[in-house]
Amino acid sequence: QGDDESDTNVVVKTRPKTKRPPLYKVLLLNDDYTPMEFVVAVLERFFGMTHAQAFEIMLTVHKKGLAVVGVFSHEIAETKVAQVMDFARRHQHPLQCTMEKE
Ligand code: TYC
């Protein structure tokens with residue numbers, strides 16, 4: 001069935017489809033009211049930073065207005081944001097945490 005030429009010498013190479021899921025940056029935003037020590041505690045507690053790392057990132061946010069505090073899958077990033085926002089709200093601090101696609 002079909003012409004002699006129809007399905008000879010045809011090689012279609014397919015790229016193995018191993019696209020990784022998109023990553024999301026979790027951002028911490030500066031404000032005038034949240035105590036510095038609270039932000040340091042947040043970074044230690046939810047992002048596994050040492051005190052020194054946490055202090056450094058906190059100062060970056062304080063000076064520059066915001067900083068990336070981690071890069072995660074969508075689900076993990078969402079969880080981090082929710083944990084930080086909930087912790088801040090429970091302590092009545094206006095600290096803001098958001099995520100954006102990398
Ligand atoms: N700017 C705050 C202060 O002077 C400290 C601060 C740092 C607040 C980082 C939020 O994400 C933040 N107390």
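This is a predicted model, so every value here is computed, not measured. Order of listing sets the numbers, starting from 1, for every ligand and every atom in it. Values below: all heavy atoms of this structure, side chains included; hydrogens, waters and symmetry mates excluded.
Between Lys101 and Lys25 the shortest side-chain heavy-atom distance does not fall below 4.5 Å. In this structure, the side chains of Val84 and Val26 stay at 4.5 Å or more apart for every pair of heavy atoms. Val42 is listed as a side-chain neighbour of Leu95, based on a closest heavy-atom distance under 4.5 Å.
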Could you list, one pair per line, each nitrogen or oxygen of ligand 1 together with any protein nitrogen or oxygen closer than 3.5 Å, giving atom names and the distance rounded to 0.1 Å?
residue: ligand 1; atom: 1 (N); partner: Asn30; partner atom: OD1; Å: 2.8
residue: ligand 1; atom: 1 (N); partner: Asp31; partner atom: O; Å: 2.7
residue: ligand 1; atom: 1 (N); partner: His62; partner atom: ND1; Å: 2.9
residue: ligand 1; atom: 4 (O); partner: His62; partner atom: ND1; Å: 3.4
residue: ligand 1; atom: 11 (O); partner: Leu29; partner atom: O; Å: 2.8
residue: ligand 1; atom: 13 (N); partner: Thr34; partner atom: O; Å: 2.9

* To do: Evaluate the side chain to side chain contact (heavy atoms under 4.5 Å, CB included) criterion for residues Leu28 and Val39: first the C-alpha distance (whole Å), next the side-chain angles of each, then the deciding distance (0.1 Å), finally the verdict.
  => CA-CA 9 Å; Leu28 206 58; Val39 178; 3.7 Å; yes

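Legend: ring-ring contact (aromatic ring centres under 6.0 Å, His included) pairs involving residues 81-102, not counting sequence neighbours, sorted by first then second residue: Phe38-Phe87, Phe38-His91, Phe38-His93, Phe46-Phe87, Phe87-His91.
Put simply, the side chain of Thr60 never gets that close to the backbone of Ala67: no donor and acceptor are under 3.5 Å apart.
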